Amino acid sequence: MSDLRYTKDHEWVRVDGDIATVGISDYAQEALGDVVFVEVPEAGAEVAQGGEAGVIESVKAASEIYAPVTGEVVEGNAALDGDPALVNTAPLGDGWIFKVKVSDAAQLDTLMSEAEYQTFVEGLD
Amino acid sequence: MDDHSQTLQTPLHALHLELGAQMGPFAGYDMPIRYPAGIMAEHTHCREAAALFDVSHMGQVVLSGEGVVEVLERLVPGDIAILKPGRQRYTLFTNEAGGVLDDLMVTRRTDDLYLVVNAACKDADITHLQANMPGGSVQVLEDRALLALQGPKAIEVIARFESRITEQKFMSAAALTLDGIDCWVSRSGYTGEDGVEISVPHDQAERLARLLLDQDEVAPAGLGARDSLRLEAGLCLYGTDLDETTTPVEAGLTWTIGKRRKIEKGFLGADVIMEQIFEGPPRLRVGIKPEGRAPARAHTVIVDHEENPVGEITSGGFGPTVGGPVAMGYVPPALAGDGTELGLLIRGKVHKARVVALPFVPKGWS
């Protein structure tokens, strides 16, 4: 059983109280390849569901990170500054991107479960 | 996903899939972008051992006929006449305005000239050659693949099959037989490393590729690593760093223009190019090292210390050997000196950068 919820843009969310931790899926990190730079949102920044919240750069290209839910960013993952490859090696763990204070919990219901996301990803190949 | 049904395939297509490559469209071909090892590992393997690239999408053309050297010299500013048989040269097809139509390799052979041109330009190049060579023959080698084995161990690997490669100088070529396969082997490449480019008949290409991959030192590398390698080596990619609006002088490629050619001229765009050599060009291609870790991609705006736009990045990304972002772009000559501080406008913020001498990594050939 996984407590993760997913977006169609391949972000995941793990909720603890009213704080959601956001990262990108294993499928996404594999598709991106070696991550060399992550621009994480700063604490205090307001992000909107589906809006741009940061950027992930692989050797090859830059890709946007979209906010899975609306809210105020409480922390960006500072460890990615020195070690952006954490997104590749631990996408669901130490490679998290930012934490956001969820302003509308109902938005979480619009996200996919782990099983739904797996089905969604299989449909992409 | 993408519909690849319209795209062309090289003779190694099935092998790429077998090796687990992530494929992508490039110049009309379905090409390996990277293998499971990933761009970073493939790049590093090329700098440290030997990487095998499929570059069969590039055009291989043979020019023959009386006066073929003189005819080609009307289209390129390089000194082709001075080349002895077996010697190779990097040169450019120019246009009337002094712009660059393509960059290419020319090898003089006993009876003809062997050219390797860019995949995206090959149809236009062939039309251009045919239009300008009424008496000569322009033969496209449709039945030959091109493999590049690049890296400090590449020559050692080839020498296992044909020891004469060790005597062959960089930028020279010869007909060699590798395990019974008749090949045309140039000691050259576009990664900044020593190595070879091997022209091989289609029906032998996969056997040769497998033979090379079986060697301990060799690993496959895709177009992703090819791009980061040539960028670190300070080499131009046609279509991004070079195009019809850039002259050889602006691109820092004046060294490709032979001394005799500068005096005699007689190539397309010679007046514009010679004027820029004497008067100075309006802009210059330079190496740019961004501070920090954020890569500056192509089309990033370059600004001066007052944040006025002064140019654009043409190639930029992460250099695995450098361990940080690297880029090339065009700036006015006054801002082209090594160490000049510049700004790069990345996602609305100015990031500091400075002009550095190219290449970003020392060359691995001599």
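Note that the structure is predicted; figures quoted are calculated from it, not measured.
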**Prompt:** Within residues 76-108 of chain A, which positions have a heavy-atom distance to chain B below 4.5 Å?
**Reply:** A:Asp81, A:Gly82, A:Pro84
**Message:** Quick check on the structure: residues of residues 46-74 of chain A within a heavy-atom distance below 4.5 Å of chain B, by number.
**Reply:** A:Val55, A:Glu57, A:Ser58, A:Val59, A:Lys60, A:Ala61, A:Ala62
**Asked** Counting heavy-atom pairs under 4.5 Å to chain A, which of B:Ala294, B:Pro320, B:Pro325 comes out on top?
**Response** B:Ala294
**Request:** Name the option with the most non-hydrogen atom pairs under 4.5 Å to chain A; the candidates are B:Gly224, B:Gly38, B:Pro295, B:Gly317.
**Result:** B:Pro295
Please determine if [X] and [Y] form a salt bridge, counting it only when a charged side-chain N lies under 4.0 Å from a carboxylate O.
X	Y	answer
B:Arg47	B:Glu232	yes
B:Asp241	B:Arg285	no
B:Glu18	B:Arg210	yes

**Request:** Starting from the C-alpha separation in whole Å, work towards a yes-or-no answer on side chain to side chain contact (heavy atoms under 4.5 Å, CB included) for A:Tyr6 and A:Ser25.
**Result:** CA-CA 8 Å; A:Tyr6 286 86; A:Ser25 71; 3.7 Å; yes
**Prompt:** Counting only heavy atoms not in B:Arg354, do more than 12 fall under 6.0 Å of its CZ?
**Reply:** no
First locate atom [atom1] of [X], then atom [atom2] of [Y], and finally report the distance between them rounded to the nearest 0.5 Å.
X	Y	atom1	atom2	value
A:Asp16	A:Ile19	CG	CD1	8.5 Å
B:Leu8	B:Ser56	CG	OG	12.0 Å
B:Leu344	B:Leu342	CG	CG	7.0 Å
B:Asp54	B:Leu12	CG	CG	4.5 Å

**Prompt:** What part of B:Arg34 lies closer than 4.5 angstrom to a heavy atom of chain A: side chain, backbone, both or neither?
**Reply:** side chain
**Item:** Considering all heavy atoms, the nearest B:Glu42-B:Ile33 contact
**Value:** OE1-O, 4.5 Å
**Asked** Any idea how A:His10 and A:Tyr117 line up, ring-wise: parallel (<30°), tilted (30 to 60°), or perpendicular (>60°)?
**Response** perpendicular
**Prompt:** Which region of A:Glu39, side chain (C-beta onward) or backbone (N, CA, C, O), has a non-hydrogen atom less than 4.5 Å from a non-hydrogen atom of chain B, or is it both or neither?
**Reply:** side chain
